[in-house]
2 protein chains.
Amino acid sequence: MIISEKIIHRLILYKKLLKNLQNENVKNIFSHKLASLASRSPAQVRRDLMVVGYDGSTVSGYHVDELLKSIELFLYEPEGQKVALVGLGNLGRAILDYCYGRHPNITISASFDKDPNKVNRVIHGCRVYHIDDLEKTTRQLKIEVAIIAIPTENAQSIADRLINSGVRSLINYSPTRLYLPLDVYVENRDMMMAVEKAAYFARTLKDELK
Amino acid sequence: MIISEKIIHRLILYKKLLKNLQNENVKNIFSHKLASLASRSPAQVRRDLMVVGYDGSTVSGYHVDELLKSIELFLYEPEGQKVALVGLGNLGRAILDYCYGRHPNITISASFDKDPNKVNRVIHGCRVYHIDDLEKTTRQLKIEVAIIAIPTENAQSIADRLINSGVRSLINYSPTRLYLPLDVYVENRDMMMAVEKAAYFARTLKDELK
DNA sequence: ACATGTGAAAGTTTTCACAGCG
DNA sequence: CGCTGTGAAAACTTTCACATGT
């Protein structure tokens, strides 16, 4: 079966919400409750959970720990996955901070910058390499996911170099649109585009429901 | 007519691409060319452009300047819209940098932080206010769009305060999920969730086409 | 009773395919 | 011709509604 990006996105959200519930010592949850936490319909939650193959009980709903385990099993490589971060300006630093300690299996293991003052430092367990070592390090660490956090221009050439070094998935925070092979996953996160969209809906969403 | 988020997103993308073309002095463009720049199908581009009500010519395609003008007319409030930024850590600074000078009509006009060393400074034309002045300043400047760039916990209470001060649209970079009235637009941009999604597709997108 | 899992229906988005035109 | 604009079809996503289980 081929599973859509939307479903994956929601599974990751359910996982996050379930983790919160676990911390609050909630043991079981019904689809309608999880749905309301995720701002979705109960039917959608149930259908999404079909893909991970964990069955709830009709009497007590889903067992939080078990469901969490099933979703994680479905989503993640058990041996862990390494992520590279290109660009250690304000944005790169923020990404390191926001992601640090959030996931046991997925870690930002290398970052790259051209500033010699940053190279060789270690931030949140992530070593900073010179950008010239991008190919070598990426291959050595078997990195498959990369985050581009440089302001512009050479984003495309950085992306090409990453893909040539074995990276299969990119998150692009630069304002440059990237053109890459079709079997590479790219998520574009142009910050200005997000603001423009929000501005449009601030104008038009005044009365109608979403 | 009610226009979907997806179409708006693509229109903003077309606009950006057309701006690039304009800078390269390209005068006209066919739907198939714009489509390939946007990684979409020509039919989709033509259908999207229907909503802005600008008709291309069958002989030379779309006139870049005219089409750009039509899209902008469709998307933006002519008097301009003001954006608030809450949180001036690394992420907030990065957002200011990435958005500065990118849009004539939409500007980040106020930012908020609790650090007294930051308050009253002006960065890229954006004045920093103390977080206690959030309500007053937001109302005074008639701000309708806000960006939440604080790491966690009180994101919900900041969001509530923003909505109570007239904000209609939010971009949430915090890892906290926000619960707000249905007539408020929220875009959640949890950075870790993006990485997790990318990691999943790095594993599964190895051979199949997207 | 009440919640799950799911076939079928409804709704939404994308693509096809072609009339019409310079 | 080779393009646009668009009705109609196809593909995809969400919701409905109910059989089933406890």
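Chain letters run A, B, ... following the sequence lines, proteins first and then strands; every chain starts at 1.
In this structure, Y62(A) reaches the dG5(C) phosphate: one of its side-chain N or O atoms is under 4.0 Å from OP1 or OP2. Phosphate proximity of dT15(C) to S41(B): present, with a side-chain N or O under 4.0 Å from OP1 or OP2. Under 4.0 angstrom from either OP1 or OP2 of dT4(D) there lies at least one side-chain N or O belonging to S31(B). The phosphate of dT14(D) has OP1 or OP2 within less than 4.0 Å of a side-chain N or O from R10(A).
S60(A) comes within contact range of no nucleotide atom at all, as no heavy-atom separation falls under 4.0 Å. At the heavy-atom level, R47(B) lies under 4.0 Å from base atoms of the strands shown.
A donor-acceptor pair is defined here as one N or O able to donate and one able to accept, closer than 3.5 Å; such a pair exists between the side chain of N172(B) and the backbone of T176(B).
If you measure from atom CD1 of I3(A) to atom P of dT13(D), you get 12 Å, rounded to the nearest angstrom. Atom CD1 of I29(B) and atom C1' of dC3(D) are 14 Å apart (whole Å). Rounded to whole Å, the distance from CG on D55(A) to P on dT20(D) is 16 Å. The CG atom of L34(A) sits 12 Å away from the P atom of dG5(C) (whole-angstrom rounding). Rounded to a whole Å, the CD1 atom of I8(B) is 15 Å from the C1' atom of dT13(C). When rounded to the nearest whole Å, the span between CG of N28(A) and P of dT4(C) equals 11 Å. Look at CE on M50(A): it is 15 Å from P on dT13(D), rounded to the nearest Å. Look at NE2 on H32(A): it is 16 Å from P on dT15(D), rounded to the nearest Å.
Side-chain contact check for E24(A) and N20(A): no donor-acceptor pair (N or O, by modelled atom type) lies under 3.5 Å. Side-chain contact check for Q44(A) and D48(A): no donor-acceptor pair (N or O, by modelled atom type) lies under 3.5 Å.
In this structure, R102(A) fails the cation-pi test against Y100(A), since its NZ or CZ atom is not both closer than 6.0 Å to the six-membered ring centre and inside 45 degrees of the ring normal.
Taking only distance into account, the side chain of T58(B) meets the base of dG2(D) through a donor-acceptor pair shorter than 3.5 Å.
Using a 4.0 Å cut-off between charged side-chain N and carboxylate O, R168(B) and D183(B) make a salt bridge.
Toward the 5' end of DNA chain C, the nearer of the two residues K6(A) and G56(A), judged by each one's closest nucleotide, is G56(A). Positionally, the nearest nucleotide of DNA chain D for S4(A) lies more toward the 5' end than for the other of S4(A) and R46(A).
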